There are 4 protein chains.
Amino acid sequence: MANTRRPASQRSTSQRSTRKRRADGEESRRRILDAAAEIAGERGYDGTSIGEVSARSGLPASSIYWHFANKDELIAAVIERSFERWLAAVELPGPEVGDAGERVRTMAVGLAKALLDTPDFLRLGLMLALERRPAEPTARTKFLQVRQITRERIAEAIRELTPELPESSVRALTTYAMAGADGLFIAHELDGDDTDLVALFELHARSLSDATARELDTHRSNP
Amino acid sequence: MANTRRPASQRSTSQRSTRKRRADGEESRRRILDAAAEIAGERGYDGTSIGEVSARSGLPASSIYWHFANKDELIAAVIERSFERWLAAVELPGPEVGDAGERVRTMAVGLAKALLDTPDFLRLGLMLALERRPAEPTARTKFLQVRQITRERIAEAIRELTPELPESSVRALTTYAMAGADGLFIAHELDGDDTDLVALFELHARSLSDATARELDTHRSNP
Amino acid sequence: MANTRRPASQRSTSQRSTRKRRADGEESRRRILDAAAEIAGERGYDGTSIGEVSARSGLPASSIYWHFANKDELIAAVIERSFERWLAAVELPGPEVGDAGERVRTMAVGLAKALLDTPDFLRLGLMLALERRPAEPTARTKFLQVRQITRERIAEAIRELTPELPESSVRALTTYAMAGADGLFIAHELDGDDTDLVALFELHARSLSDATARELDTHRSNP
Amino acid sequence: MANTRRPASQRSTSQRSTRKRRADGEESRRRILDAAAEIAGERGYDGTSIGEVSARSGLPASSIYWHFANKDELIAAVIERSFERWLAAVELPGPEVGDAGERVRTMAVGLAKALLDTPDFLRLGLMLALERRPAEPTARTKFLQVRQITRERIAEAIRELTPELPESSVRALTTYAMAGADGLFIAHELDGDDTDLVALFELHARSLSDATARELDTHRSNP
DNA sequence: TATGAATGAGACTTCATTCAT
DNA sequence: AATGAATGAAGTCTCATTCAT
């Protein structure tokens with residue numbers, strides 16, 4: 001009842017500030033995400049332990065839980081940020097220059113370079129995506145969503161270049177386009193840096209152009 | 001009261017089936033490998049726990065250690081057996097029939113079918129391969145070896161078909177061949193069963209034939 | 001991105017209501033006590049966490065520590081307020097009307113109704129009281145004090161009604177009176193609302209009257 | 001493998017077998033239950049930590065999980081064993097001797113003595129029962145079941161003694177009987193050992209007899 | 001050819017509390 | 001009159017592994 005207008009806890013004069021000088025949430029959050037991205041990119045979902053994130057970020061484990069509700073949300077945030085960076089790294093093709101094949105090749109080179117710059121995104125994403133655990137991690141869902149969006153963009157680009165193409169062909173070509181990208185990325189990851197990713201993406205672009213042309217031919221003769 | 005001799009966390013879990021009580025080493029080993037393969041195919045290396053393998057195989061954890069030295073060797077054995085099955089599933093192309101393109105296409109279809117039959121091999125393998133942990137699991141090494149052998153076979157096939165091709169081209173084409181296979185497998189895993197893996201592998205075979213031809217042309221004009 | 005300033009575990013939890021942002025100490029204190037009373041009444045001392053109080057009150061944990069020195073004092077304050085409300089809910093018997101038995105019955109009914117109105121007080125109190133932890137929480141002490149005062153009042157009432165009764169009998173009857181109240185409350189809590197608390201308290205009042213009369217007889221013949 | 005046959009006189013005396021000489025599951029289980037019962041009887045469900053059980057039983061926390069699937073099952077097992085012991089402690093009334101009142105009194109004294117002997121059962125049970133947490137612990141359910149059985153037995157005894165009594169009266173009297181027992185137990189727990197539990201239970205038995213007689217009268221005149 | 005029982009280390013997460021602002 | 005951010009300790013539980021039998 002008698003409410004003394006004072007903080008309920010009494011103040012001590014000893015000022016041993018082992019504590020951080022100034023709490024900076026944004027900075028801490030960033031450090032946690034950096035550490036988590038690093039580890040998750042190396043070891044996948046299960047291999048990423050909060051303890052290790054704590055060790056690498058320099059923040060105690062309990063602090064991680066101030067910023068992220070749980071491990072699931074942390075990894076999901078990693079994927080999210082990773083995707084944003086990857087998107088930023090992709091050089092969007094400039095104004096429509098050259099023929100269809102030329103444009104496809106330009107896009108392919110852009111993708112290859114982005115993958116070289118920000119490989120964590122796809123590496124972690126693929127690790128997550130290949131898993132089939134009963135309780136699907138949020139991060140996996142997030143990656144699959146992003147992937148779906150990417151698919152849709154590719155399909156749109158194909159439709160724009162070859163409007164006559166039937167939808168089934170568009171879908172097959174989209175799948176093939178993405179498969180090449182995924183596969184070449186993996187090749188580069190596994191077989192080391194001597195894999196010339198840019199050249200191989202150009203090769204893939206050429207394959208796609210040719211395949212598109214073939215599909216178009218088939219469609220025209222078998223309408 | 002009913003004190004069955006299992007860890008408490010596994011008591012009262014309905015067993016897979018009433019099992020024969022006769023001790024049979026080969027059978028036990030098989031059951032452990034089956035369980036481990038199932039789990040590892042779903043959850044990767046870190047996600048596979050001895051406890052879960054014990055639960056799914058119906059054998060106590062200590063029995064797993066009678067058959068395998070440790071988790072690492074268990075997963076390595078999974079990869080090994082998985083690879084053997086995958087090899088057996090690949091329909092080797094019969095005696096040289098048809099032209100080069102035809103032969104490539106036949107091989108591609110064989111690969112696609114094998115992947116559909118025994119997908120665990122590549123799924124687990126890729127999960128392992130994408131990881132970059134400091135202490136490399138034996139299973140990963142094993143998978144990479146197997147992969148290397150496969151690469152070598154593909155390269156050999158290419159060399160045989162087009163002996164003139166310079167080694168750099170052979171390597172690029174090999175990488176591209178494997179990349180397509182990996183990527184298409186992933187597409188099929190992620191985008192569901194409506195991805196026509198066989199058709200896409202045929203498409204890829206065609207791309208490879210064309211690319212090989214192009215490389216040959218380039219080489220002939222720029223010797 | 002939307003970085004509301006709450007611990008991550010509480011973000012996106014739908015707030016109880018849109019709250020006025022004006023700082024109002026009295027109102028905040030009330031909200032904290034409400035939340036704490038709710039939780040402590042459900043889960044007892046150990047089961048009441050500051051985090052949960054924070055979540056249910058909508059105030060950050062640190063704010064709770066502005067109003068209360070620590071968890072112990074918070075729960076003590078809960079007991080205190082709860083007791084005040086309970087006291088207010090007890091309908092004090094009017095001026096001496098009717099015979100002794102009648103008056104006892106009226107008091108009993110008053111108690112029963114108060115228990116129905118403010119059950120948290122006794123529920124939490126009993127939970128605390130039954131514990132025997134080494135470091136006795138302030139709240140427990142507080143409840144036991146309140147209980148002792150109540151005992152004293154009952155004893156006083158008995159002495160007033162039957163001044164001849166020896167102290168040992170007064171004590172026994174007091175204990176029995178309280179025991180009945182406690183026990184009937186528990187019965188009502190456990191066995192649901194179909195327990196007619198008022199009728200049972202009347203039954204108990206009658207038992208007490210009779211027991212008192214018996215004790216008196218015994219005393220008169222064995223002085 | 002290397003056969004370390006040695007004369008007994010040369011065997012090293014430092015026999016640091018940190019491991020238990022012989023694993024004895026039954027004994028360990030008992031020790032864990034003893035420790036858990038002790039703590040749970042003192043501090044309730046939430047107040048019982050596996051760490052403390054580990055410390056008091058001398059077994060590592062992980063060993064506790066070999067014997068019990070989780071904390072919930074551990075506490076449930078405590079209640080179960082506790083109830084068995086309590087049942088064994090209750091002296092069942094001998095062959096029907098004396099009148100109804102006499103028999104009721106004998107039963108009451110038996111109950112009182114059992115409560116004095118094995119107080120943990122009811123103390124923990126009541127603590128659990130008073131809680132209202134969303135996820136009901138198994139132990140609480142178990143206690144409520146046991147309590148229901150006890151109620152049924154009391155009701156049966158009342159029906160046997162006074163077969164004419166309508167069911168509503170039987171139910172009220174049963175509730176009152178249990179309430180007295182609960183309340184007196186609490187009184188004894190809180191107000192110390194100077195509460196003469198046996199005498200108070202006899203008082204309660206008398207109240208019950210009288211109340212039963214009254215109910216019977218009421219029923220006979222208002223059939 | 002197993003397996004019941006155990007165990008230290010470490011997993012994720014919550015705890016009560018602090019303090020600079 | 002608060003509160004964002006942090007933190008060490010402790011919470012429950014799982015981990016891979018061992019070993020006597």
Side-chain angles (χ1 to χ4, degrees), chain A residues 5-7 9 11-12 15 17-29 46 49-52 59-67 69-72 74, chain B residues 3-7 9 22-26 28-29 46 49-54 59-67 69-72 74, chain C residues 3-7 9 22-29 46 49-54 59-67 69-72 74, chain D residues 17-29 46 49-52 59-67 69-72 74:
Chain A
R5 300 290 86 191
R6 257 159 222 260
S9 53
R11 299 149 286 173
S12 74
Q15 282 283 69
S17 111
T18 42
R19 227 162 239 274
K20 282 271 138 46
R21 233 57 66 185
R22 227 175 73 78
D24 181 351
E26 216 55 59
E27 154 83 357
S28 294
R29 196 184 137 94
D46 282 300
S49 81
I50 299 293
E52 183 67 13
L59 289 160
S62 51
S63 292
I64 294 172
Y65 283 87
W66 200 91
H67 293 278
N70 49 41
K71 178 172 158 173
D72 204 43
L74 169 58
Chain B
N3 202 346
T4 47
R5 301 295 83 203
R6 306 259 102 203
S9 54
R22 189 169 64 82
D24 177 350
E26 214 53 57
S28 292
R29 198 186 135 94
D46 281 299
S49 78
I50 299 292
E52 181 69 11
V53 174
S54 158
L59 291 163
S62 49
S63 293
I64 295 171
Y65 281 86
W66 195 91
H67 289 279
N70 50 38
K71 176 173 160 175
D72 206 41
L74 168 59
Chain C
N3 201 346
T4 48
R5 299 297 83 202
R6 308 259 99 205
S9 54
R22 186 169 66 82
D24 177 349
E26 215 53 57
E27 154 84 356
S28 291
R29 199 185 134 93
D46 282 299
S49 79
I50 298 293
E52 181 68 11
V53 174
S54 157
L59 291 162
S62 49
S63 293
I64 294 172
Y65 281 85
W66 196 90
H67 290 279
N70 51 38
K71 176 173 160 175
D72 205 41
L74 168 60
Chain D
S17 68
T18 40
R19 228 161 239 272
K20 281 273 136 47
R21 231 60 62 184
R22 226 177 72 81
D24 180 350
E26 217 55 57
E27 154 84 357
S28 294
R29 197 186 137 94
D46 282 300
S49 81
I50 299 294
E52 182 67 13
L59 289 160
S62 51
S63 291
I64 295 173
Y65 283 88
W66 199 89
H67 292 278
N70 49 40
K71 177 173 160 175
D72 204 42
L74 169 58

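Since we're looking at a predicted model, the values are computed, not measured. Chain letters run A, B, ... following the sequence lines, proteins first and then strands; every chain starts at 1.
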Quickly work out the N70(D) CG to dC12(E) P distance and round it to whole Å.
20 Å

Pick base, sugar-phosphate or nothing for I50(B), based on heavy-atom distances below 4.0 Å to the nucleic acid.
base

Which residue, S28(D) or S63(B), contacts DNA chain E at a nucleotide closer to its 5' end, judged by nearest heavy atom?
S63(B)

Please name all residues satisfying side-chain hydrogen bond (donor to acceptor under 3.5 Å, both in side chains) with D72(D), sequence neighbours left out, ordered by chain then number.
Y45(D), T138(D)

Is there a side-chain polar atom (N or O) of H67(A) under 4.0 Å from OP1 or OP2 of dA6(F)?
yes

Restricting to non-hydrogen atoms, name the atom on A61(C) and the atom on S54(C) that form the minimum distance, rounded to 0.1 Å.
N-OG, 3.6 Å

In whole angstroms, how far is the P atom of dA16(F) from the CG atom of D46(A)?
10 Å

Of dT3(F), dA16(E), dA16(F), the nucleotide closest to the side chain of K71(C) is dA16(E)

To the nearest angstrom, how far is E27(D) atom CD from dA20(F) atom P?
20 Å

To the nearest Å, how far apart are E26(A) CD and dG4(F) P?
14 Å

Which residue lies toward the 5' end of DNA chain F, A61(D) or D72(B), if each is placed at its nearest nucleotide?
A61(D)

If you check every side-chain atom of P60(D), which of dT3(F), dT7(F), dG8(E) has the closest atom?
dG8(E)

Please tell me which of the listed nucleotides, dT14(E), dC13(F), dA2(F), lies nearest to the side chain of W66(C)?
dA2(F)

Name the residue closer to the 5' end of DNA chain E, choosing between A69(A) and S62(B) according to the nucleotide with the nearest heavy atom.
S62(B)

Could you state the CD-C1' distance from E52(B) to dA11(E), rounded to the nearest angstrom?
16 Å

Between dG8(F) atom P and I64(A) atom CD1, what is the distance in whole Å?
13 Å

Counting Watson-Crick and G-U wobble pairs whose two distances are both under 3.5 Å, find the runs of 3 or more in a row that involve DNA chain F.
E:2-21 with F:2-21

Donor-acceptor pair, side chain of S28(A) and main chain of D24(A), under 3.5 angstrom:
yes

Between C1' on dC12(E) and CG on L74(A), what's the gap in Å once rounded to a whole number?
12 Å

If every non-hydrogen atom of K71(A) is compared with every non-hydrogen atom of I50(A), which pair is closest and at what distance?
CB-CD1, 4.1 Å

So if I take every side-chain heavy atom of S49(C) and compare against dT14(E), dA16(E), dA16(F), which nucleotide ends up nearest?
dA16(E)

Round to a whole Å and report the spacing from CG of D24(D) to P of dT7(E).
12 Å

Run the side-chain contact (heavy atoms from CB on, under 4.5 Å) test against S49(C) and tell me which residues pass, sequence neighbours left out.
E52(C)

